[in-house]
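Following: one structure in structure tokens, then a few remarks.
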Protein chains: 2
Amino acid sequence: MQVNPVTPLAPSGPAVIRCSECPMGSLCMAGGLRPCDMAHLEAIAGGRRTLMRGEYLHRAGDAFVKLFAIRSGHLKTLRHAHGDCQVTGFPMAGELLGLDAIADGRHDSDVVALDTCEICEIPFDGLRELLVAAPSLMDQFHRALSREIQRQQAALFLMGNARAEQRLALFLVGLRARYAARGAPSTQIQLRMSRDDIGAYLGLTMECVCRLLARFRKAGWITLTGRRLTFVDGARLAALAEGVCQEPLA
Amino acid sequence: MQVNPVTPLAPSGPAVIRCSECPMGSLCMAGGLRPCDMAHLEAIAGGRRTLMRGEYLHRAGDAFVKLFAIRSGHLKTLRHAHGDCQVTGFPMAGELLGLDAIADGRHDSDVVALDTCEICEIPFDGLRELLVAAPSLMDQFHRALSREIQRQQAALFLMGNARAEQRLALFLVGLRARYAARGAPSTQIQLRMSRDDIGAYLGLTMECVCRLLARFRKAGWITLTGRRLTFVDGARLAALAEGVCQEPLA
DNA sequence: CGCGCTATTGAAGCAGATCAAACATCGTGG
DNA sequence: CCACGATGTTTGATCTGCTTCAATAGCGCG
């Protein structure tokens, strides 16, 4: 029942030093680069860092010096203001962190590891110089920035228009799709975040998330024991996520 | 009572041809550029366009060819999916549009003029070449992208955590701040969008927006006749926006 | 002057929040 | 090994803020 200890999502044993050999290359910035540009990127993306569960990659207010690329592991990004706290995302392997800090040279969110994470550090000053020399990398970088805007807009749309049931369904199928995009098994996944985190991400309370998960389970769309989630009727779930309103689901 | 017909927010009479002379220069991408870089930008940012109220700058699905810089006027950006429609922003003079379309070469939102607008067109291919040649422009561009991410994150936070009263207060003080940042009179402003638009932006119904505006009016914090809004007790409104929970406001 | 659109106000219903309590799960130390 | 507390999850009961539906009022404009 246990998955193979070495999967694209588990921390790899010895640190991989080259972007060209990184299993996440196609998702991270290095995707679609000419080999020589790749070499340049490797040259500046020297730093590695390992985070244990609960450790912070950075906190709101920290000076922005580097971008971070996730080599493996799962994290959550947080934003707070006067007591309230919102989870803004659950970044995972192959994603880029810190893009929102470029504008004013200071991070405005916390980033916490949900499990053991391997992180690449990309000094922004070095990257800036490199972008000028390697246009394909620059394009890649701009796409990454733009995609981040899209992601936020989609999330915003979700919060504004979808009701709880739909939000959660969308969250689940989105999560599944992200694992699938990484070539990882996606019909059965281990949730790395608490119900509370999910709630804070979707703008719902923990209790509400629980009840909805129970409904999905009773409807036979998923099975869920603890944080082990299995998609049983993915199509039905996806339909709900798309807003196709079916029977009110008792 | 009528404002001077020539203000930074009104469409200027004869088209200004040079970025260096554009009244919005400091807010748009040209801010803080070396004069020679400015000249380059002027060279590629040739196209001008005037939109009348209700006209579309572009629609979801349109191919992405140019970025748009707003020289004057007000617009709204829309996103839809299966019937539902969300207003994602009310861009105004000095802001850049289209950054979300870079990633996949296709716009995924509609942009509609709320009044007469003058728009600069910046061919993206030209800009890309220019960025390589002019590092200061590249930095400026990255800041613009990053700031857009921040804006979306802030909006997301709002939707997730703030209740209706606070959202609307935040919307109003935000609007005021944006006028102030442009050097325009900001204690009395003309809303360019309908109550419905405000609702669709804040994730509320039009009725709810109306009721809240009525409350703010009764509390003596604003006056509002039609779309003419005056801030009377800005501090109180700002306090509410910041989440300082005061008396329940009858 | 009357038509159409936007805005306002009222009454009723409901989705999700809040409060509260039981129940797993898990690491830890006796 | 089990008892233990800490943490996370589940379910129930009640409450409330916002939506929905409906009707009226202003306002601009031909």
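Below, chain A is the first sequence line, B the second, and so on; all start at residue 1.
- Of the listed nucleotides (C/dA7, C/dA17, D/dC18), C/dA7 has the atom at the smallest distance from the side chain of B/R195.
- Side chain of A/E207, nearest nucleotide from C/dA20, C/dT9, D/dT19: C/dA20.
- In this entry the distance linking CG of B/L213 with C1' of C/dT9 reads 13 Å, nearest Å.
- Applying the 4.0 Å criterion to OP1 and OP2 of D/dT19, one finds that B/T205 has a side-chain N or O inside that range.
- A close approach under 4.0 Å does not occur between any side-chain nitrogen or oxygen of A/R163 and OP1 or OP2 of C/dA15.
- The base of D/dC18 has none of its N or O atoms less than 3.5 Å from a complementary donor or acceptor on the side chain of B/E165.
- Remark: the B/R211 side chain and the D/dT20 base include a donor-acceptor N/O pair separated by less than 3.5 Å.
- A cation-pi arrangement is not found for B/R192 relative to B/F90, the charged atom failing to lie both closer than 6.0 Å to the ring centre and inside a 45° cone about the ring normal.
- Axis deviation across the helix from C/dC1-D/dG30 to C/dG30-D/dC1 amounts to 30°, comparing end segments of five pairs, rounded to 10 degrees.
- A/C208 comes within 4.0 angstrom of the backbone, heavy atoms only, and of no base.
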Task: CA sep, side-chain torsions, deciding dist, call: B/R182, B/E95, salt bridge (Lys or Arg N to Asp or Glu O under 4.0 Å) - done: CA-CA 11 Å; B/R182 282 158 180 78; B/E95 291 176 9; 3.0 Å; yes
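- Side-chain contact check for A/C120 versus A/R48: some heavy-atom pair is nearer than 4.5 Å.
- The base of D/dG8 has none of its N or O atoms less than 3.5 Å from a complementary donor or acceptor on the side chain of A/R227.
- Across all strands shown, B/G199 has no heavy atoms under 4.0 Å from either base or sugar-phosphate atoms.
- Out of D/dT11, C/dT6, D/dT19, the shortest distance to the side chain of B/S194 is found at C/dT6.
- Side-chain nitrogen and oxygen atoms of B/R217 include at least one within less than 4.0 Å of the OP1 or OP2 phosphate oxygen of C/dT8.
- With C/dG16, D/dT11, D/dC18 as the choices, the nucleotide that has an atom nearest any side-chain atom of A/C210 turns out to be D/dT11.
- Side-chain contact between A/K76 and A/D110 is absent, with no heavy-atom pair separated by less than 4.5 Å.
- Note on ring orientation: taking the six-membered ring where Trp is involved, the planes of A/H107 and A/H58 are parallel (angle under 30°, cut-offs 30° and 60°).
- If you take CG of B/L212 and P of C/dT8, they are 12 Å apart, rounded to a whole angstrom.
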